[in-house]
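Below: the structure, in structure tokens.
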Amino acid sequence: MKNLVVLSGKGGTGKTTVTAALARFAAGERRLVMVDADVDAANLGLLLAPREREATDFVGAEAAVIDAEACTACGLCAEACRFDAIAAADGTYRVDPLACEGCRACKFVCPEEAVAMEPQLSGRRYLSDTRLGPLFHAHLLPGQENSGKLVTALRRDAEAWAERERPDVMLTDGPPGIGCPVIAAASGADLALLVTEPTPAAVHDFRRILGTLEHFGIPALACVNKADLNAERREEIRVECEARGVALLGDIPYDEAAMDAVRAGRPVTDGDAPRLAAALSAIWDALRPHLDA
Amino acid sequence: MILAIASGKGGTGKTSVAVSLALAAAGAGRPVRLLDCDVEAPNAALFLPVEIAEFRDAGLLVPEVDMAACTLCGRCAEVCAYGAISVAGEQVLLFTELCHGCGSCARQCPTGAISERRRVIGAIESGRAGAIDFAQGRLTLGEAMATPIISQLKDWRLAAPPETLVILDAPPGAACPVIETLRGADFALLVTEPTPFGQHDLEQAARLARESLGLPTGVVVNRDHPGDDTVDAYCREADLPILARIPLDRRVAEAYAAGRPLHDALPDGPERFAALLARIEAEVPA
């Protein structure tokens with residue numbers, strides 16, 4: 001099985017649109033499993049009409065709770081907390097569950113044993129069926145820390161499934177950024193496909209995600225969305241790819257039909273967006289040998 | 001006033017709106033400070049003539065074990081919630097990239113064998129961009145934890161005189177780095193686009209900003225498109241005020257690609273963003 005993750009650094013460059021189109025081409029030729037690893041903003045399912053098969057609660061971290069009856073307001077907990085999560089309130093101390101990182105430092109220092117740790121329900125993970133193949137996806141409850149842990153749990157679900165079912169390709173729609181959830185989504189991937197745009201912000205962040213992938217030794221490929229917006233920056237991307245040995249698989253034109261496809265809730269390859277469909281089909285053709293290698 | 005710009009979905013125009021509001025405030029002669037809290041992908045400086053004057057490391061306190069004093073009792077591993085320290089045979093193994101810097105291992109070690117050292121995971125920088133006071137954080141490539149850098153950036157540069165407008169440009173998403181950015185803000189401005197993606201992620205961000213953090217919240221609809229009512233309908237139902245709309249236009253996208261924020265890309269940019277700022281201030285309880 002080849003494990004391909006779609007990333008970008010900057011958000012909103014078209015990762016999900018590209019993932020859905022590639023899924024559509026891949027599913028015509030191979031056994032495919034998909035993972036939506038952008039659990040903060042899980043959008044791949046909005047294009048694939050998933051039918052839920054299994055759902056599992058995700059209990060990510062714990063948060064501290066102080067028993068006001070037992071608390072003597074000595075303040076040792078607040079002193080030990082490095083996350084500004086504990087403050088004095090009404091003659092006792094209170095934990096802000098949004099700031100608590102579940103480290104238990106307060107519990108260890110409390111002389112009255114007034115601190116308990118409570119598991120936090122931080123989201124749900126799903127296995128759903130789509131017409132292109134199974135989709136592993138998740139919903140993060142807003143305000144829960146550590147989406148990276150949920151991404152890791154989702155990846156483990158998908159890998160356990162793949163161990164049994166032996167698909168040819170695992171296609172993961174990754175989160176934006178370069179930090180914890182991105183590292184969780186990319187770890188163990190055979191290849192990353194980076195979606196960038198010819199804009200200063202996207203090119204800047206393209207270099208940051210490339211550097212991150214180099215750090216972890218994950219080979220990268222690239223494609224350029226809205227490639228015709230700025231010729232100079234498109235050239236800058238080409239030069240960067242050449243210098244770093246990154247294969248540039250192709251360009252996708254600026255086309256407002258991309259938004260229409262999202263509105264219709266389908267991959268751009270299914271609707272009235274012939275230019276986008278042709279561009280993505282060419283990118284799939286250029287990607288195929290990397291999956292076969 | 002502390003104004004945080006967030007979105008849920010990436011690429012909706014947070015940074016361009018944040019920079020544009022800073023330019024509008026500075027244009028009106030108002031003291032303004034912009035903090036780029038998207039430390040994984042810090043882009044605000046690309047739109048402004050930023051000159052960095054001060055630079056600091058951003059880091060975490062991680063354990064260091066004095067093996068001469070260690071009795072291999074394993075208490076450190078027992079108290080670590082992150083699996084960042086373990087005892088194997090005659091050795092103490094450190095996995096510092098997993099360490100959140102809570103200090104429990106050092107505090108709980110019965111022989112005082114653990115001290116702490118600072119591990120650098122990024123940088124925070126401050127300077128000026130014309131009349132705008134500017135600061136940003138940057139996560140080092142390969143590092144996982146963005147939140148401590150945001151927290152150190154805010155500790156360093158959030159406090160400002162009361163007449164200063166402080167604008168926080170948040171990262172996308174709805175998890176810990178966004179919470180860290182939004183904490184302590186007076187208002188959350190959520191930038192979205194009128195698609196099912198935009199709407200879905202706006203709902204996540206609105207739940208976080210308004211319900212979890214209790215912030216007054218408003219919406220900017222970017223790439224607005226006549227005939228699409230999805231985001232409008234949601235905002236009406238959720239009682240979220242739409243404070244500005246920016247039209248979908250290839251010329252705006254081209255100007256953005258040339259490095260111009262919305263303030264400069266739209267023909268009436270300065271007026272639009274001055275009006276948006278006035279609407280936000282009207283929404284913030286005195």
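Numbers restart at 1 for each chain; the letters A, B, ... are given by sequence-line order, proteins then strands.
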Residue part contacting chain A, namely of [X], when any heavy atom lies under 4.5 Å:
X	value
B:Ala253	both
B:Glu143	backbone
B:Pro177	neither
B:Ser212	both
B:Val178	neither
B:Glu97	neither
B:Pro148	neither

Just by modelled atom types, is the [Y] backbone N or O under 3.5 Å from a matching donor or acceptor in the [X] side chain?
X	Y	value
B:Arg107	A:Ala80	yes
B:Gln204	A:Leu140	yes
A:Arg233	B:Ala257	yes

From [atom1] ([X]) to [atom2] ([Y]), nearest 0.5 Å:
X	Y	atom1	atom2	result
B:Leu46	A:Asp205	CG	CG	7.5 Å
B:Asp201	A:Leu46	CG	CG	8.0 Å
B:His200	A:His139	NE2	NE2	6.5 Å
A:Leu210	B:Leu141	CG	CG	10.0 Å
A:Met259	B:His225	CE	NE2	6.5 Å
A:Glu197	B:Tyr256	CD	OH	7.0 Å

[X] vs [Y] side-chain heavy atoms within contact, under 4.5 Å:
X	Y	result
B:His100	A:Phe83	yes
A:His204	B:Asn43	yes
A:Leu229	B:Arg250	yes

Is chain B contacted by the side chain of [X], its backbone, both, or neither, given a heavy-atom distance below 4.5 Å?
X	answer
A:Ile178	both
A:Glu256	side chain
A:Asp260	side chain
A:Asp96	side chain

Heavy-atom pairs under 4.5 Å with chain A - which of [options] has more of them than the others?
options	result
B:Pro42, B:Ala206, B:Gly8	B:Pro42
B:Gly10, B:Gly13, B:Cys102	B:Cys102
B:Leu61, B:Thr15, B:Leu139	B:Leu139
B:Lys9, B:Arg207, B:Arg183, B:Met145	B:Arg183
B:Ser104, B:Gly173, B:Pro196	B:Pro196
B:Lys14, B:Glu116, B:Arg223	B:Glu116

Worksheet entry | Minimum-distance pair of heavy atoms, taken over all atoms of B:Arg75 and A:Phe108 |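 Closest approach of B:Arg75 to A:Phe108, heavy atoms only: NH2-CD2, 3.7 Å.
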Practice prompt. Could you tell me which of A:Ala42, A:Pro198, A:Ser8 has the largest number of non-hydrogen atom pairs under 4.5 Å with chain B?
Written response: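 The residue among A:Ala42, A:Pro198, A:Ser8 with the greatest pair count is A:Ala42.
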Worksheet item: Do you know which of A:Ala202, A:Pro175, A:Ala41, A:Gly265 has the most heavy-atom pairs under 4.5 Å to chain B?
Response: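 Option with the top pair count is A:Ala41.
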Worksheet item: Within 45° of the axis and under 6.0 Å from the centre of the six-membered ring of B:Phe197, does NZ or CZ of A:Arg263 qualify?
Response: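 Verdict for B:Phe197: no cation-pi partner in A:Arg263.
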